[in-house]
Amino acid sequence: MLKNIVILTGAGISAESGIPVFRSETGLWENHNVDDVATPEGYERDPDLVRNFYNTLRSNLKKVEPNPAHKALAKLEENWKNGTVTVITQNIDDLHERAGSKNILHMHGELLKQSCYVLHGGCGDVFEIHTDQKPTDCCPHCGKMGTLRPHIVWFGEMPLYMDEIAQILSEGDLFISIGTSGVVYPAAGFVSTAHRYNIPTVEFNLEPSATKGFFDYGIYGKAGTTLPKFVDRLLECNGDLNQLF
Ligand code: BV8
């Protein structure tokens, strides 16, 4: 009996909402070199460049809406009565929340949060931000100025909620990966963990991902089209995998 559904999402689930995916032909991300805007070293080199990069991404959130794939996951969470539905997302946008999902873990951080950077003498506190972050902002918790940074997990930093994710994977009955290239670890390793637990695994992507060999099933096409159909079938068959795949 299918009880707990574990879902991993990546940039691909937000692509049809108009948010560019992370890896593209140009190798640049929003016209920036990843090392300059998604590493602690890049932040040390040029904190203003990085702050403004995320300020732009944050302000762009107002221009995008959840797409049918986000809404399908919210519908699944709302209607699944056999157990839990957990969305573990690599994405930093708020589209899962705005679609109605509740049980979400942002393992790579969130655009709408900032943190008081411990390595800069800050207190480590995390709180919301909906406007541009400025170097003169002061931490509302410790009062220090200049210690605030985007609450984003950069390369070389430990992703968030790893203990919770390990527990959730160990209790999972179905692992669904959506719109991720399977390049970035530890997220890309979750499917092999699920495999070790003998949990059925399915990936949704435009094409097979780098970790396709670990998946039992693959459903290829735009998630905005494939995922709503899958969720409806999953709910109709009450998780009977024989009917599902
Ligand atoms: C850590 C924040 C350890 C920025 C991000 C060698 C081997 C293994 C690991 C490593 C290694 N060398 C270095 C590492 C570690 C490194 C890593 O994995 N590097 C990779 C590049 C090799 N990982 C880390 O550094 C992680 N930390 O390991 O810490 C540690 C231990 C102890 C103490 C301290 C530290 C931290 C990783 C987090 C980095 N931050 N984001 C930001 O987002 O602003 S990662 C970044 O990549 C994003 O979060 C993004 O979400 C994530 C993964 O990318 P995807 O989501 O998959 O996006 P991508 O564009 O790649 O793919 C999109 C997919 O969607 C495609 O497949 C496409 O086909 C599909 N698609 C497109 N449209 C659609 C679609 N699918 C369906 N429908 C559509 N319409």
Side-chain angles (χ1 to χ4, degrees), residues 7-43 49-58 60-61 64 66-73 87-96 105-115 118-119 133 149-163 165 176-192 202-212 215 218-230:
I7 299 162
L8 172 68
T9 65
I13 199 170
S14 296
E16 291 165 75
S17 295
I19 296 184
V21 295
F22 200 76
R23 277 157 203 88
S24 57
E25 294 68 42
T26 64
L28 290 180
W29 182 38
E30 298 269 33
N31 301 317
H32 284 84
N33 183 313
V34 171
D35 290 340
D36 293 337
V37 294
T39 62
E41 296 78 11
Y43 184 65
L49 171 82
V50 176
R51 247 193 303 273
N52 293 333
F53 174 71
Y54 287 104
N55 286 345
T56 304
L57 292 187
R58 186 175 310 110
N60 287 346
L61 286 180
V64 296
N67 67 58
H70 298 105
K71 291 173 184 171
L73 295 187
V87 175
I88 301 165
T89 186
Q90 300 172 88
N91 300 340
I92 58 176
D93 62 55
D94 63 340
L95 294 178
H96 282 305
L105 294 174
H106 282 272
M107 66 179 291
H108 290 166
E110 299 174 61
L111 274 173
L112 295 177
K113 288 188 178 161
Q114 60 181 341
S115 52
V118 174
L119 294 186
Q133 191 178 49
R149 60 165 273 184
H151 185 55
I152 301 291
V153 176
W154 290 321
F155 287 96
E157 296 185 319
M158 179 59 86
L160 304 169
Y161 310 112
M162 290 305 291
D163 292 342
I165 291 169
I176 304 173
S177 175
I178 305 159
T180 183
S181 57
V183 164
V184 174
Y185 286 81
F190 294 164
V191 61
S192 58
V202 54
E203 76 165 350
F204 286 77
N205 203 310
L206 295 177
E207 71 235 343
S209 71
T211 49
K212 70 173 170 37
F215 287 94
I219 297 176
Y220 300 111
K222 289 189 171 185
T225 306
T226 58
L227 195 58
K229 290 177 190 162
F230 177 83

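By convention here, the first residue in the shown sequence is residue 1. Indexing begins at 1, ligand by ligand and atom by atom, following the structure's order.
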Tell me which part of [X] gets within contact of ligand 1: side chain, backbone, both or neither, using heavy atoms under 4.0 Å.
X: Ala15; answer: side chain
X: Glu157; answer: backbone
X: Ile152; answer: side chain
X: Ala187; answer: neither

* Asked: Quick check: does any side chain N or O of Arg149 sit under 3.5 Å from a backbone N or O of Ser115, one acting as donor and the other as acceptor?
  ->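 Between the backbone of Ser115 and the side chain of Arg149 there is no qualifying donor-acceptor contact (under 3.5 Å).
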
* **Ser192 side chain vs Gly189 backbone, donor-acceptor pair below 3.5 Å** =>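 Yes.
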
Minimum non-hydrogen distance to [atom], winning option of [options]:
atom: atom 56 (O) of ligand 1; options: Ser177, Ala11, Ser209; result: Ala11
atom: atom 63 (C) of ligand 1; options: Gly10, Gly179, Pro186; result: Gly179
atom: atom 41 (N) of ligand 1; options: Asn67, Thr225, Val183, Val153; result: Val153
atom: atom 80 (N) of ligand 1; options: Lys222, Met107, Glu16, Glu203; result: Glu16

* Judging by distance only, is a nitrogen or oxygen of Trp154 under 3.5 angstrom from one on ligand 1? ->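 Between Trp154 and ligand 1 (N or O atoms, distance only) the closest approach is not under 3.5 Å.
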
* **Within-cut-off N or O pair, Ile92 and ligand 1, under 3.5 Å** =>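 No.
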
Side-chain contact test, heavy atoms from C-beta onward, threshold under 4.5 Å: evaluate it for [X] versus [Y] and give yes or no.
X: Pro159; Y: Pro186; result: yes
X: Ile7; Y: Ile178; result: yes
X: Met107; Y: Ile165; result: yes
X: Ile13; Y: Phe204; result: no

* **Point-to-point distance, once rounded to the nearest 0.5 Å, from CH2 of Trp154 to OG1 of Thr39** =>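 Rounded to the nearest 0.5 Å, the CH2-OG1 separation comes out at 8.0 Å.
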
* Asked: How many angstroms lie between OG1 in Thr89 and NE2 in His106, if you round to the nearest 0.5 Å?
  ->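 Going from OG1 on Thr89 over to NE2 on His106, the span is 6.0 Å.
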
For ligand 1, which atoms, with element, lie under 4.0 Å from some heavy atom of [X]?
X: Gly156; answer: 24 (C), 25 (O), 34 (C), 35 (C)
X: Pro159; answer: 27 (N)
X: Glu207; answer: 69 (O)

* Could you tell me which non-hydrogen atom of Val153 sits nearest to which non-hydrogen atom of Met158, and how far apart they are? =>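 Closest pair (atom of Val153, atom of Met158, distance): CG1-O, 3.7 Å.
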
